[in-house]
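All values derive from a computational prediction rather than experimental measurement. Naming: A, B, ... by sequence-line order, numbering from 1 per chain.
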Amino acid sequence: MKIAVCVKQVPDTGPARKLDPVTNRLDRSGEGALNATDVNAVEEALRIKEAHGGEVVVVSFGPTRALDSLRKALAMGADRAVLISDEAAAGSDLVATSYALAKGLERESADLVLFGQQASDSDGAVLWAAVAERLRRPLVSQVAGLEIDGASVTGKRQTEFGYDVISAPLPAVVAVSDAINEPRYPSLKGIMGAKSKPTETLSLADIGAEADRVGASGSRTTVLELAPPPAKGDQIKIEDDGSAAEQLVEWLAGRKLL
Amino acid sequence: MSTLVFLEHHGGAIQKGSLGVLARALAVGGDVAGVVVGHGVAEVAASAGAFGVATVYTVDGPDFEAPLPQPRVDALEAVAAASGAENILFAASVLSADIAAGLAARLDAGLNWDVTDIAIDGGKLTARRPALGDTVLVTVGWTSTPRIALVRSGSFEPVETGGTAAVHDVAVTPREFSTAARMVDQAHEEASGPSIEDADVIVAGGRGLGTPEGFRLAEELAAALGGAVAATRAVVDAGWYPYSTQVGQTGKSVSPKLYIALGISGAIQHKVGMQSSGTIVAINKDANAPIFDFADFGVVGDLNAVAPKLADLVRARKG
Ligand SMILES: Cc1cc2nc3c(=O)[nH]c(=O)nc-3n(C[C@H](O)[C@H](O)[C@H](O)COP(=O)(O)OP(=O)(O)OC[C@H]3O[C@@H](n4cnc5c(N)ncnc54)[C@H](O)[C@@H]3O)c2cc1C
Ligand SMILES: Nc1ncnc2c1ncn2[C@@H]1O[C@H](COP(=O)(O)O)[C@@H](O)[C@H]1O
């Protein structure tokens, strides 16, 4: 089974962009920030490969430095990395990104295309549906539990009403929840081995994408204005020095909340 | 300007979020029509008339019975063509997000998500959306039509005006790949246990509780405060706590007097379900966790140390 996993490099500043706030293990390797929820998608792909055999290829659309993040996925155990990168691609919105990514994915014709739950910089949680549409493949999104046999995937997906169970024939597109698994940490051997795994950087021409459908010219949305959000009232933030519980109880009592 | 509002319905009722978006679209102005997709939905479609919309399109048939996104992309493509809509608006939901993004790709149309307000500026639709963890407020636009927007949960309230709607059915045959995924088992509304929606005090637990057993800390603190226990989607999806206790975009919206978040990062999708709480307290060991941006009282520390002590002190004080 050939599995393509779409992963994104995100800015590594800010809380939501850290891979693991407890160990910082992947961050310390200094390889840039792989979007945290995409790590779950890579993990799921590795587990499927371990059970069914095959190949895991990670695919990203972004600037050349995104290779650092792709190497993290290789260190976890992915076999190969493809980066679609082009000067003309900067400023791509959903329509443009889904077009370029789908073009790159068409070259791979994977049995299963996996996505993470959402990119921490876009907070979109939408890209997979646009890519599935462009690939003309069935989609199961936000999957918290995934089963695979040779011919189909069945996913448990949370909606506003509980869990749906949805099944789709392969080839299919699946986006996974960040609770679907507990991702492994790359071993030292994995990190060393990643350096010799194949990585490809492809231009828009390489993937047969029309340049004016990508980047700013291919995008259909625009940012008109930026403003700070409305200020919130007084906030208290304390570091626990052993007395935080006492301070909090006093504060709650003072506001008649106990 | 013509606008279509996707009216998502479950169990014969149009979702509150969709009706809220409809109300806002009607207030903003222009020709507004609704769209209802499903099987045997004429009555559901007509019911939208009471919310002020005069025209509702339906796409009706067995292929549209299960709430799956891809056949609905075909349906909306057809209705958009039939109606010549310039704007297509959705209330954010798991289903609608996938439809909106699929439709954007189908029509090569712009999609703005997490929209919290819409307006008309120089005859064109613009929208406001908070971005980067609500740290910046962005005014966004579209450079071509149709303009597609996904509106953040809870942004607008429905307005019941009374009235009737004319229902127009549009015949659509879905594409082959659109019907390849199928619903094996559809979620049913869970039999309601003790509801977190009525609680004055909620102690909510996230992945920071570490293990399913970690929820005992939340339960103990909730018991001391006389409150209920809630959870994030991350721990519900992981099977640590029941779905009926989930707070957020795909869970419940709560507004207790006091909301204590233990080991919760404060993702937007969690925030939308609890931001109207009277007082928000957060205990998180990561000083940069987004929850501190909107907590009234934040404790940067290990919940395993702080929460039990807090429960003890509350019990002592309550005697
Ligand atoms: C379409 C969509 C809908 C969604 N709907 C919802 C929804 O309805 N509800 C919802 O909650 N989420 C929802 N999510 C998921 C949401 O984006 C987050 O993934 C989720 O809220 C994170 O849960 P969490 O805070 O428990 O976990 P994490 O984000 O992993 O945060 C755990 C936190 O615990 C802290 N921590 C760890 N150990 C300790 C310790 N010992 N002491 C103190 N702190 C500690 C960490 O610093 C971290 O900040 C949705 C996502 C999408 C894409
Ligand atoms: N530029 C990109 N390249 C590859 N995959 C991406 C890219 N952006 C987003 N993704 C994937 O799409 C998912 C959802 O992204 P988003 O809709 O932007 O929140 C992410 O979790 C990734 O799996």
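In this structure, no portion of Thr179(B) lies under 4.5 Å from any heavy atom of chain A. For Leu139(A), the parts sitting under 4.5 Å from any heavy atom of chain B are the backbone and the side chain alike. Proximity to chain B (any heavy atom under 4.5 Å) is shown, for Ser122(A), by both the backbone and the side chain. Residue Leu252(A) touches chain B through its side chain alone, counting heavy-atom pairs closer than 4.5 Å. Heavy-atom distances place the backbone of Asp293(B), and not its side chain, under 4.5 Å from chain A. For Ser93(B), the parts lying under 4.5 angstrom from a heavy atom of chain A are both the backbone and the side chain. Of the atoms belonging to Trp113(B), it is side-chain heavy atoms, and not backbone ones, that fall under 4.5 Å from chain A. For chain A, the nearby part of Gln249(B) is the backbone; its heavy atoms alone come within less than 4.5 Å. Proximity to chain A is absent for every atom of Ala131(B), based on heavy atoms less than 4.5 angstrom apart. Leu111(B) touches chain A through backbone and side chain together, each having a heavy atom under 4.5 Å away. Neither the backbone nor the side chain of Ile99(B) comes within less than 4.5 Å of any heavy atom of chain A. Looking at Ile148(B), neither its backbone nor its side chain comes within 4.5 Å of chain A, counting heavy atoms on both sides. For Pro228(A), the part sitting under 4.5 Å from any heavy atom of chain B is the backbone (N, CA, C, O) and nothing else. At a 4.5 Å heavy-atom cutoff, the contact between Val73(B) and chain A is made by side-chain atoms alone. For Asp134(B), the part lying under 4.5 angstrom from a heavy atom of chain A is the backbone only. Only the side chain of Arg175(B) has a heavy atom closer than 4.5 Å to any heavy atom of chain A.
Both the sub-6.0 Å distance and the 45° axial angle are satisfied by Lys271(B) relative to the ring of Phe294(B). For the pair Arg136(A) and Phe177(B), the cation-pi test (distance below 6.0 Å, angle within 45°) is failed.
Here the two rings, on His188(B) and Phe161(A), have centers that are 6.0 Å apart or farther.
Using a 4.0 Å cut-off between charged side-chain N and carboxylate O, Asp121(A) and Lys8(A) make a salt bridge.
Side chain to side chain, Gln118(A) and Gln269(B) meet the donor-acceptor criterion of an N or O pair below 3.5 Å. Side-chain contact, Ser177(A) with Gln142(A): no donor N or O sits under 3.5 Å from an acceptor N or O. Between the side chains of Arg157(A) and Ser141(A), at least one donor-acceptor pair of N or O atoms lies under 3.5 Å. For the residue pair Gln235(A) / Asp296(B), no side-chain donor-acceptor distance below 3.5 Å is found, with atom types taken as modelled.
In terms of non-hydrogen atom pairs under 4.5 Å with chain A, the most contact-rich of Val281(B), Ile268(B), Leu225(B) is Val281(B). Ranked by heavy-atom pairs under 4.5 Å with chain B, the first of Asp240(A), Val153(A), Asp164(A) is Asp164(A). With chain A as partner, the option from Val236(B), Ile283(B), Asp312(B), Val235(B) having the largest number of non-hydrogen pairs under 4.5 angstrom is Val236(B). Contacts with chain A were tallied for Gln186(B), Arg128(B), Arg106(B), Lys309(B); Arg106(B) has the most, counting heavy-atom pairs under 4.5 Å. Chain B forms the most heavy-atom pairs under 4.5 Å with one residue out of Ala244(A), Ser167(A), Ala144(A), Ala179(A), and that residue is Ser167(A). For the options Ala96(A), Ser98(A), Gly124(A), Ala172(A), heavy-atom pairs under 4.5 Å to chain B are most numerous at Gly124(A). Heavy-atom pairs under 4.5 Å with chain A peak, among Gly301(B), Ala295(B), Ala311(B), at Ala295(B).
Checked against ring pair (Phe, Tyr, Trp, His ring centres under 6.0 Å), Trp251(A) has the following partners two or more places apart in sequence or in another chain: Phe297(B).
Counting heavy atoms from C-beta outward, Val140(A) and Val143(A) have side chains that approach closer than 4.5 Å.
Between Phe115(A) and Trp128(A), the ring planes are perpendicular. Angles over 60° get that label, and only those under 30° would be called parallel.
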